[in-house]
Amino acid sequence: MTMSEEITIINIANGGYGIGRISGKTVFVDSAVPGDQLLVEIYKDAKHYSFARTNRVIEPSQLRIQPECPNFNECGGCSYLNVSYQTELDFKMRILAEMLQRIAGMAIADIPAITLGRYTEVNKT
């Protein structure tokens, strides 16, 4: 049996993982939101990082909302239904900018402005 540990989520990662630290190690928590204070259980432990699932929300983030889909925590098909659409877009822009810095080695000043295209459904009659 694994032990539950307390964590505060400080950032977001691709795939809907919240990022926090336990004893200096980076922990990716399923469906966690920056600002959440959680009781988590580690389910995959590597040398420099771990993956965890939430056992209990101690204090929810102000960004957290109730997902409309009753299967959100079970399915895994939608990563960000637990935040508003605008927050989801903000997360995705932040994740993209961090990837461009980390993987492409771009300086923040060199990253072009990220604009969002909007999908609009055409009324077909």
Got a second to check how far [X]'s [atom1] is from [Y]'s [atom2], nearest 0.5 Å?
{"X": "E5", "Y": "L38", "atom1": "CD", "atom2": "CG", "answer": "12.5 Å"}
{"X": "I9", "Y": "R64", "atom1": "CD1", "atom2": "CZ", "answer": "9.0 Å"}
{"X": "L89", "Y": "R94", "atom1": "CG", "atom2": "CZ", "answer": "12.5 Å"}
{"X": "N55", "Y": "S4", "atom1": "CG", "atom2": "OG", "answer": "4.0 Å"}
{"X": "I58", "Y": "R56", "atom1": "CD1", "atom2": "CZ", "answer": "5.0 Å"}
{"X": "Y80", "Y": "K92", "atom1": "OH", "atom2": "NZ", "answer": "6.5 Å"}

Quiz item: Under a 4.5 Å cut-off applied to non-hydrogen side-chain atoms, are T26 and I19 in contact?
Solution: yes
Self-check item: Minimum side-chain heavy-atom gap Q101-I111 below 4.5 Å
Solution: yes
Quiz item: Is there a donor in the side chain of S61 and an acceptor in the side chain of D36, or the other way round, less than 3.5 Å apart?
Solution: no
Exercise. Scan side-chain atoms only and decide if S50 and D45 contain a donor-acceptor pair under the 3.5 Å cut-off.
Key: yes
Nearest heavy-atom pair of [X] and [Y]: which atoms, and what distance?
{"X": "S31", "Y": "N82", "result": "O-ND2, 2.8 Å"}
{"X": "A32", "Y": "I12", "result": "O-CD1, 3.6 Å"}
{"X": "V27", "Y": "I42", "result": "CG1-CD1, 4.0 Å"}
{"X": "I65", "Y": "S84", "result": "CD1-N, 3.8 Å"}
{"X": "N11", "Y": "E98", "result": "ND2-OE2, 3.4 Å"}
{"X": "K47", "Y": "K25", "result": "O-CE, 3.4 Å"}

Quiz item: Hey, mind stepping through D30 and T54 against side-chain contact (heavy atoms from CB on, under 4.5 Å) and telling me if it holds?
Solution: CA-CA 7 Å; D30 300 341; T54 301; over 6 Å; no
Practice problem: Give the intermediate values and the outcome of side-chain contact (heavy atoms from CB on, under 4.5 Å) for residues I22 and E6. | Solution: CA-CA 8 Å; I22 295 175; E6 193 171 324; over 6 Å; no
Quiz item: Does the ring center of F51 lie less than 6.0 Å from the ring center of Y17?
Solution: yes
Quiz item: Same hydrophobic cluster for F28 and I10, using side-chain heavy-atom links shorter than 4.5 Å among ILVMFWY?
Solution: no
Quiz item: Are L63 and V29 connected, step by step, through hydrophobic side chains (Ile, Leu, Val, Met, Phe, Trp, Tyr) whose heavy atoms are closer than 4.5 Å?
Solution: no
Exercise. Return yes when atom OH of Y49 has more than 12 non-hydrogen atoms of other residues, nucleotides or ligands closer than 6.0 Å, and no otherwise.
Key: no
Practice problem: Could you tell me whether I103 atom CD1 has more than 12 heavy atoms of other residues or ligands within 6.0 Å of it? | Solution: yes
Practice problem: Sequence neighbours left out, what passes side chain to side chain contact (heavy atoms under 4.5 Å, CB included) with E59? Give chain and number order. | Solution: Q37
